[in-house]
There are 2 protein chains.
Amino acid sequence: MDKRADIIACAASAFEADGFRGIGVDKVLAPSGASTRTLYKHFGSKDGLVLAVLEERHRLFGAHLEAAGKGADPVATLFETLRQWLAEHGARGCMLLRARAEYAAANGEIVALVRRQKDEFRQMIARRVEAALGWKDAGLATQIWLLFEGATAAASVADLSVVDEARAAAHSLIEAAKSHRP
Amino acid sequence: MDKRADIIACAASAFEADGFRGIGVDKVLAPSGASTRTLYKHFGSKDGLVLAVLEERHRLFGAHLEAAGKGADPVATLFETLRQWLAEHGARGCMLLRARAEYAAANGEIVALVRRQKDEFRQMIARRVEAALGWKDAGLATQIWLLFEGATAAASVADLSVVDEARAAAHSLIEAAKSHRP
DNA sequence: CACAATGTAAAGCGTTCGTTTTACATCGCA
DNA sequence: TGCGATGTAAAACGAACGCTTTACATTGTG
């Protein structure tokens with residue numbers, strides 16, 4: 001019975017739906033049934049909870065990617081995992097970037113955390129691009145990353161097929177790169 | 001001396017820096033020197049001001065695109081205008097999508113407005129893709145859109161060169177499309 | 001001049017915010 | 001058995017919130 005993990009999981013849904021600044025701690029805690037006292041024992045502050053939620057969110061999506069494996073096409077797997085994630089959690093834009101934007105002027109720790117997480121994410125994509133291509137291509141890796149972030153953002157105002165379109169674009173770019181340095 | 005426009009312009013900067021829910025009307029009005037009374041005369045509510053800011057933001061970026069013209073490469077112009085915009089206004093993610101996310105559960109009118117604006121934006125991209133290609137390609141237009149949204153989001157946690165990378169990717173995709181149906 | 005429109009200045013409305021505090025229940029372990 | 005750790009319940013804190021109101025200054029136009 002890990003109350004801390006329970007609070008984080010329920011809080012993530014609440015923040016996802018109402019934003020971080022737009023919801024109070026009482027409503028954030030309501031789904032988990034925890035009291036405010038327990039919140040401040042575990043996290044110290046609302047911002048502390050936000051940090052924990054972001055870390056867990058990043059870890060969980062990474063775990064999904066690991067579980068999906070790299071398969072024959074490690075880049076396509078990226079977008080298939082994204083589509084499945086969005087179908088399950090709802091498409092409201094990247095929670096990490098949303099938090100960064102809402103706390104840009106209010107909490108530098110959150111800004112720094114998200115920057116670190118995105119750097120890590122980019123490196124993971126670069127590794128997959130190298131596996132698909134046979135050699136490193138930093139520019140191509142960035143382009144795949146942009147398609148990923150674009151699909152995540154766009155899915156909040158369009159249907160999930162944009163993720164398939166991103167996957168197709170990534171495939172085109174990789175094929176073009178292959179033909180230029182075979 | 002258009003006080004209404006002045007309030008909107010100053011409020012846009014304030015919302016950009018602190019988010020929409022994370023800042024009070026007093027601080028939003030401070031840069032323009034307007035009183036809360038003037039705010040409620042003009043916009044009726046804080047949410048009304050947000051709607052006006054979003055409409056102006058969408059209109060202004062469209063005007064920048066118009067001013068830049070379509071040139072020889074109407075799609076490249078898209079990304080060059082974006083880079084210039086981000087350099088001038090700062091890269092904190094698309095303000096429209098940020099508002100949509102913050103008001104997803106609180107204000108359906110804002111959600112609907114942003115959806116309309118993004119649909120309009122996609123159609124403008126589709127027209128540019130058709131001009132560059134010589135024929136319509138809805139899938140390709142969506143892919144270019146994803147690169148645009150991806151670059152806008154990514155620039156908040158990376159440097160502005162990601163916009164150039166997005167432009168390069170768009171160029172690759174268009175060249176590939178040309179060669180497949182010449 | 002008079003009047004309507006438009007603005008600022010500032011106090012105050014009730015509500016909600018993040019946070020702290022007091023009081024009490026439950027459980028694993030020495 | 002007893003005690004510390006961990007939890008809920010609920011009240012209360014000052015501050016900030018969105019918004020309203022009263023009072024007064026400025027300005028363009030009949």
Side-chain angles (χ1 to χ4, degrees), chain A residues 1-54 56 98-111 113, chain B residues 1-54 56 98-111 113:
Chain A
M1 188 196 291
D2 190 347
K3 198 67 190 177
R4 187 188 144 94
D6 188 30
I7 291 176
I8 289 176
C10 293
S13 301
F15 286 140
E16 186 92 66
D18 292 276
F20 296 89
R21 313 288 289 269
I23 190 173
V25 293
D26 290 344
K27 285 181 185 167
V28 166
L29 292 176
S32 63
S35 64
T36 60
R37 169 143 204 194
T38 306
L39 164 68
Y40 288 95
K41 288 277 184 194
H42 277 301
F43 305 99
S45 67
K46 183 190 182 184
D47 287 13
L49 172 61
V50 171
L51 282 166
V53 166
L54 297 181
E56 171 62 11
R98 288 175 57 186
R100 201 214 92 95
E102 289 196 48
Y103 287 100
N107 190 318
E109 204 175 342
I110 291 176
V111 172
L113 171 66
Chain B
M1 188 197 290
D2 191 347
K3 199 67 190 177
R4 186 188 144 97
D6 188 30
I7 291 176
I8 290 176
C10 294
S13 301
F15 286 140
E16 186 93 66
D18 292 278
F20 296 89
R21 314 288 291 268
I23 189 174
V25 293
D26 290 343
K27 284 180 185 166
V28 167
L29 293 175
S32 63
S35 65
T36 60
R37 167 138 209 200
T38 306
L39 165 67
Y40 289 95
K41 287 277 184 193
H42 278 301
F43 305 98
S45 67
K46 183 189 181 185
D47 287 13
L49 172 61
V50 171
L51 283 166
V53 166
L54 297 181
E56 172 62 12
R98 287 175 58 187
R100 200 214 91 95
E102 289 198 47
Y103 288 101
N107 190 319
E109 204 175 343
I110 291 177
V111 173
L113 172 65

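Every chain is numbered from 1 and lettered A, B, ... according to where its sequence line falls, protein lines coming before strand lines.
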**Asked** Of all residues at least two apart in sequence or in a different chain, which pass the side-chain contact (heavy atoms from CB on, under 4.5 Å) check with A:Tyr40?
**Response** A:Val25, A:Thr36

**Prompt:** Listed in order of residue number, which residues of residues 20-34 of chain A have a non-hydrogen atom at under 4.0 Å from DNA chain D?
**Reply:** A:Gly33, A:Ala34

**Asked** With sequence neighbours excluded, what pairs up with A:Tyr103 under the ring pair (Phe, Tyr, Trp, His ring centres under 6.0 Å) test?
**Response** none

**Request:** Please report, rounded to the nearest Å, how far the C1' atom of C:dG7 is from the NZ atom of B:Lys3.
**Result:** 8 Å

**Request:** Sort and list the pairs that fulfil salt bridge (Lys or Arg N to Asp or Glu O under 4.0 Å) and have at least one residue in residues 5-14 of chain A, not counting sequence neighbours.
**Result:** A:Lys3-A:Asp6

**Request:** Sequence neighbours left out, what pairs pass salt bridge (Lys or Arg N to Asp or Glu O under 4.0 Å) with at least one residue falling in residues 10-37 of chain B?
**Result:** B:Glu16-B:Arg57, B:Glu16-B:Arg98

**Item:** Close residues, residues 38-50 of chain B, relative to DNA chain C [heavy-atom separation under 4.0 Å]
**Value:** B:Thr38, B:His42

**Request:** Please name the pair of heavy atoms, one in A:Arg4 and one in A:His42, separated by the smallest distance, quoted to 0.1 Å.
**Result:** NH1-O, 3.7 Å

**salt bridge (charged side-chain N to carboxylate O under 4.0 Å, His left out) involving A:Glu56 - partner list, sequence neighbours excluded** = A:Arg59

**Complete:** Across all chains, not counting sequence neighbours, the side-chain contact (heavy atoms from CB on, under 4.5 Å) partners of B:Ala104 are B:Arg100

**Item:** Those residues that, when tested against A:Leu51, pass side-chain contact (heavy atoms from CB on, under 4.5 Å) (two or more places apart)
**Value:** A:Glu109, A:Ile110, A:Leu113

**Fill in**
Taken in chain and number order and not counting sequence neighbours, the residues that satisfy salt bridge (charged side-chain N to carboxylate O under 4.0 Å, His left out) with B:Asp47 are none

**Fill in**
Applied to residues 13-33 of chain A, the ring pair (Phe, Tyr, Trp, His ring centres under 6.0 Å) test, sequence neighbours excluded, yields A:Phe15-A:Phe20

**Asked** When only distance counts, do a donor and an acceptor, one from the side chain of A:Arg37 and one from the base of C:dT22, lie under 3.5 Å apart?
**Response** yes

**Request:** Scan residues 9-19 of chain B against DNA chain C and write down, sorted by residue number, each residue with any heavy atom closer than 4.0 Å; if none is found, say none.
**Result:** none

